[in-house]
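Inspection log for the structure reproduced underneath, given as structure tokens.
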Amino acid sequence: MPKDFSNIRIAKSRPGRGEAGITGHWRSQTPVIDHVKCAGNDSCLICWVYCPDGVISRDFPLQIDLEYCKGCGICAEECPRDAIVMVETVNQNNQA
Amino acid sequence: MSRGITKILTANEAAATAAGLCRVQVIAAYPITPQTPVTEELASMVEKGELDAEYLTVESEHSAMAAVIGASQVGARAFTATSANGLLYMHEMLHWAAGSRVPLVMVCVNRGVGAPWTILNDQQDSISQRDTGWIQLYCRNSQEVMDTTIQAYKIAEKSLLPVMVCYDGFVLSHASTPVEVPPQALVDKYLPPRTEVFRIFEDGPCNLNPLILSDPRADANGELQPGYMDLRYRLHSDLLSSEEVIRASDEEFLELFGRTWGGALWLYLMDNADHAIVSMGSLASECTIAAETLRTMGYRVGVVGLRSYRPFPAKELGSALAHASGVTVMEKDVSYGYEGAVAVDLKGALFNEGLRPKLHSHVAGLGGRDIMPDEIVEVVRRDMATGPLVSWVNARL
């Protein structure tokens, strides 16, 4: 049964997880964090600051939400300890 | 009903006065001949404290439109004005305004577009923007400019569509004629403050105009939201319905102020006319003089003046032209590589209505080239005989 959109005139969205849709399957490369090389505490958090999609956790050990990570590679580029590497992703089912 | 004071005003002064009477709250405009006096008059009114509005001195017309869109989205009654290349500079934002469904009013002082440069009048500027989703109303004299600018806010706020009020540069914008200034109290009665804006945010803060994919998609709360084409259909559908809003707003204006401008189109000497002249703006006014002359010569000619170009009042035009065996379209624009836009739109409407009068389309007055009523008389006489179906008048061919 098609929904009646006749009262919706203005395109709107509200902040919310996944408001733009499931973007994780856009990835062709996936970030992998080496937690030994990672600073492991608040002294850094550069990847978290730079992530354009906010998919890196604030808590340690850092985790990346692969349902939404688009694989842009900025975290790997910015990490001062080279603790993040981008791995070619053939399988698009959110498995790094 | 109380009468206002009659002043000698140019159409530019009338437009600025009308915006002031509408108690506009935000103005962002960039000067361009022949619109400049509108911006200067409004700036002066704000500076003197006569108008309580925020006047943004933007660096371009693109910014002017962007600024008034933003202001309108958060509830302000916003206004801007432009002409020709200024209108084109904000072209992208015209689409944005219509798609955002903001009830803006902008006056477009019709001027030809470059290249090459001209500062003089024709209607290529606004007519070339007919597909942007704006309501377009064309005025034949300064009183109509005053009244239509006021009506425009009522139409805009009822339809949630931006309205462009168009009038001819220099011919009207800089020519002084007596204009009755409606009393502020009556305008306040006709145009109460905006209320509908608060519905946009009634569910709490939100982002406006995010990326919309082609098909409906569930939002973060799981609610199905329309796809792009659904929203575009809504805009189109509301633009079609605004024809009735234009009529109703003009009727309400008549009751309060004692003047009417015909709604979507007006008729002059059409009662038993065999041949009709169709035109817009001050040129249509000249056509009425030509029609009078033709009547004294024994021809049964009348004028159908288009006030609303978008929405295009196709059905009403069909009714008005149902008994005309011939039609002369006079316009100050051309769709290069084809014909005048008004003529082409009219032919489409007549086709849909099953009418096929002998229709002659004429392009005149580009870049301010003069076109006089007696020249229009000659064009119509030729059309009623064996004149060409398409011509450019007074062009040195």
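Below, chain A is the first sequence line, B the second, and so on; all start at residue 1.
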* Proximal component of A:R9, with respect to chain B [non-hydrogen, under 4.5 Å] -> both
* To do: Answer yes or no: does atom NE2 of B:H236 have more than 12 heavy-atom neighbours from other residues, nucleotides or ligands under 6.0 Å?
  => no
* **Separation of B:R234 CZ from A:I8 CD1 (nearest 0.5 Å)** => 10.0 Å
* Asked: Just wondering, are more than 12 heavy atoms of other shown residues or ligands nearer than 6.0 Å to OH in B:Y89?
  -> no
* CD of A:E77: more than 12 outside heavy atoms within 6.0 angstrom? -> no
* Asked: Which atoms form the tightest heavy-atom contact between B:P226 and A:F5, and what is the distance?
  -> N-CE2, 3.5 Å
* Asked: Distance from A:D4 atom CG to B:D230 atom CG, nearest 0.5 Å?
  -> 10.5 Å
* **A:R14 versus B:P205, closest heavy-atom pair with distance** => CG-O, 3.3 Å
* **Largest heavy-atom contact set with chain B, pairs under 4.5 Å, which of A:S6, A:G16, A:G21** => A:S6
* To do: Could you tell me the separation between the CD1 atom of B:I212 and the NZ atom of A:K12, rounded to the nearest 0.5 Å?
  => 12.0 Å
* Using non-hydrogen atoms only, which part of B:L211 is less than 4.5 Å away from chain A: side chain, backbone, both, or neither? -> neither
* Can you establish whether the number of heavy atoms outside A:Q63 located under 6.0 Å from its atom CD is more than 12? => no
* Asked: Would the number of heavy atoms belonging to other residues, nucleotides or ligands and lying under 6.0 Å from CG of A:D34 be above 12?
  -> yes
* Asked: Hey, is OH on B:Y228 packed in by over 12 heavy atoms from elsewhere, all under 6.0 Å?
  -> no
